[in-house]
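Below: one structure, written as structure tokens.
We name chains A, B, ... by the order of the sequence lines, and we start the count at 1 in each one.
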Number of protein chains: 2
Amino acid sequence: MITDTKYPRETARDYALRMLKENILSLELKPGTAISENELSAALKISRTPLREAIVELAKAYLIEIYPQKGSFISLIDPKMVEEARFLRRITDTAVIETACDEITDEGIALLEDNVALQEYYLSKGMTDKIFELDNQFHKSIYVVAKKDIIYEIHSTLMIHFDRVRNLSVETVKDFKVVGDHRAMLEAIKNKDKKTAVELVNKHLGRYQIDEKEIRSHRPEYFKA
Amino acid sequence: MITDTKYPRETARDYALRMLKENILSLELKPGTAISENELSAALKISRTPLREAIVELAKAYLIEIYPQKGSFISLIDPKMVEEARFLRRITDTAVIETACDEITDEGIALLEDNVALQEYYLSKGMTDKIFELDNQFHKSIYVVAKKDIIYEIHSTLMIHFDRVRNLSVETVKDFKVVGDHRAMLEAIKNKDKKTAVELVNKHLGRYQIDEKEIRSHRPEYFKA
DNA sequence: TATACCATACTTGTATACAAGTGCACCATA
DNA sequence: TATGGTGCACTTGTATACAAGTATGGTATA
């Protein structure tokens, strides 16, 4: 597992959680990998207690499977889980952007505008690696504008199921049409144009279409069934 | 806190989680109550470790607030949390019942039919206390039919925010029109009539309309803001 | 050689001890 | 009396020890 250093005020549990999420999402911890509390706590230089609390939390989100007295494992990719996460993302994103159209304020516009402007800047400079983080922030900001930020947070762990499969795509969508999508979404929200906003969300999510068969043929050992 | 005995195979952590959820939902543990890990672990006759794991999980769902080195408290009723839970329930219930119309099978019909028949039986016999449990089961079964049972489970803890406010209503909806709602929903699903099904869900959830002002006037000390 | 068995080295689950920080009550002092 | 300080009894966070179950590999035996 790849580890970095603990933030100053960060608790050992939050540190473990952050490291585990990053490594699962990036597939550094591969689906099916056996993990042991002793081994990981040593790697992170923390004791078993806070590490275990993090593992238990991820097990609740089905990202880790715990078999008592046998071992714990990074969950295999479960198409049903991926589908449920995808379904949930689609219905909440669409409902939330509609609400955002109702709740948008000048401050909200400024928040989204700053983000999109940065995306456009980095895109024009070819600094595309900065865009992923801004992408996530943009979506979160829409939830904030719609006053649904708890929902975003509650769902974020579950979305790892969806996102790690995207990371497995042989050719991740490296064309950055998403930046144009975000600009269009922002304009729709400014115009309080719900219909267009919802269409844009669906189009946007459609870009993340994944070809399960192709991924499975490359990495059959990562899949559950 | 009200405690019962641990199930045979139940882990101490799951036992603590079950007890905490029940007591928070029933308002036996009142909003704002200070809880201490030592005190509760003694009450449940388990050690701090598994109890703490349960508390941490509920803190993630904002049902408990932990202030390090100061204390932990049952979260006050936060209208924003209640609204987000309500919003989430509405959009997922409607999307899921639409999916159920597509995915319904003979087994699914049997599952729902058995449940509704029991509800109707208990209602005719006046054994209305049995209906609450069946109500929850019915909704869960719709998620199962739609193959979205993980979403139901992920959301269930969050819905406690919504449900405990319902329990505070001076006159909880004791009329059992909900049984008729369930019968109508089942028929709509059997007919694959999505439009009617969605209308029924919205009508059904409308019955749980809560009068925040009224509750707040009775128990202002339970509210956050 | 094949098989049954047993020690051993793991695993997670739980209990307990210790660390560090907070707040309050009490007491001394001005 | 009012005020400031100090110790103590709490809190949660973390580390560690122990309990109980599982799998595996080696060994003795048929």
Using five pairs at either end of the helix from C/dT1-D/dA30 to C/dA30-D/dT1, determine the angle between the two local helix axes and round it to 10 degrees.
30°
Which comes earlier along DNA chain D counting from the 5' end, the contact point of A/K45 or that of A/K70, where each point is its nearest nucleotide?
A/K45
Separation of atom CD in A/Q69 from atom C1' in D/dT22, rounded to whole Å:
8 Å
Positional range of nucleotides in DNA chain C within the contact set of chain B, heavy-atom, under 4.0 Å
C/dT14 to C/dG23
Give the minimum heavy-atom separation between A/M19 and A/I2, together with the two atoms involved.
SD-O, 3.8 Å
Minimum heavy-atom separation for B/A43 to B/T3, with atom names?
O-CG2, 4.1 Å
Partners passing salt bridge (Lys or Arg N to Asp or Glu O under 4.0 Å) against A/R13 (at least two apart in sequence or in another chain)
A/E53
Over 60° means perpendicular and under 30° means parallel, so classify the ring planes of B/H204 and B/H182, tilted if in between.
tilted
Applying a 4.0 Å non-hydrogen cut-off, can you work out what B/I35 is touching in the nucleic acid: base, sugar-phosphate, or nothing?
sugar-phosphate
What's A/T49 touching, base or sugar-phosphate or nothing? Going by heavy atoms closer than 4.0 Å.
base
Please determine whether side chain to side chain donor-acceptor pair (under 3.5 Å) holds for the pair B/E153 and A/Y62, giving the CA-CA distance in whole Å, both sets of side-chain angles, and the decisive distance to 0.1 Å.
CA-CA 11 Å; B/E153 193 190 321; A/Y62 297 95; 2.7 Å; yes
Compute both the distance and the angle, then confirm whether A/R18 meets the cation-pi test with A/Y7: under 6.0 Å from the six-membered ring centre, within 45 degrees of the axis.
yes
Stepwise side chain to side chain donor-acceptor pair (under 3.5 Å) test for B/S169 and B/Y208:
CA-CA 10 Å; B/S169 295; B/Y208 298 141; over 6 Å; no
